[in-house]
Amino acid sequence: MPHDTIFLKIVRGEIPADVVYRDELVTAFRDRHPQAPVHVLIVPNHVIPTAADVTADDEAALGRLFVAARAVAEQEGIAEDGYRLIVNCKGHGGQEVDHLHLHLLGGEPLGPMRARRG
Ligand code: AMP
């Protein structure tokens, strides 16, 4: 089933994850391969495959991703120092899981957004 993603299984509680926030629109859980001291993924509770698939119907859930990110950042104690929010899209964006998700990274200085060319 194209819309049955690993993240949807986490939302439904069908596979284990370290869930740090949950409401009726979004779920947040720790990334299993953290790239920073704090690395949390925040996903809509319904599948939007990529950022290129968003529609007006998704606006409430997409807005909630940011509200949840703020809450999780405060909960994790990284709000004051700052953090990075990332959405990867499709192949060139490096997206691995086709269920739109916001990466919340922090807990140390994260350096430049990407390696400089050349
Ligand atoms: P992206 O490359 O933006 O699609 O990011 C996918 C992220 O999902 C990666 O950082 C993975 O480590 C993470 N990931 C994949 N499967 C799981 C899982 N079952 N639980 C937690 N994180 C996961």
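Side-chain atoms are counted along with the backbone in the values below, which use heavy atoms only and exclude waters and symmetry mates. Counting convention: from 1, in listed order, for ligands and their atoms alike.
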* Contact residues of ligand 1 with a heavy-atom cut-off of under 4.0 Å? -> Ile6, Phe7, Ile10, Phe29, Arg30, Asp31, Arg32, His33, Leu41, Asn88, Gly94, Gln95, Glu96, Val97, His101, His103
* Same cluster for Phe66 and Val87 if Ile/Leu/Val/Met/Phe/Trp/Tyr side chains link at under 4.5 Å? -> yes
* Contact check, side chains of Val54 and Leu100, non-hydrogen atoms, under 4.5 Å -> yes
* Asked: Taking the six-membered ring for Trp, is the centroid-to-centroid distance between Phe29 and Phe7 below 6.0 Å?
  -> yes
* Asked: Judged by modelled atom types alone, do His101 and Asn88 share a side-chain donor-acceptor pair under 3.5 Å?
  -> no
* Under 30°, 30 to 60°, or over 60°: which ring-plane class applies to His103 and His39, parallel, tilted or perpendicular? -> tilted
* To do: Check whether any side-chain heavy atom of Val43 lies under 4.5 Å from a side-chain heavy atom of Val11, and answer yes or no.
  => yes
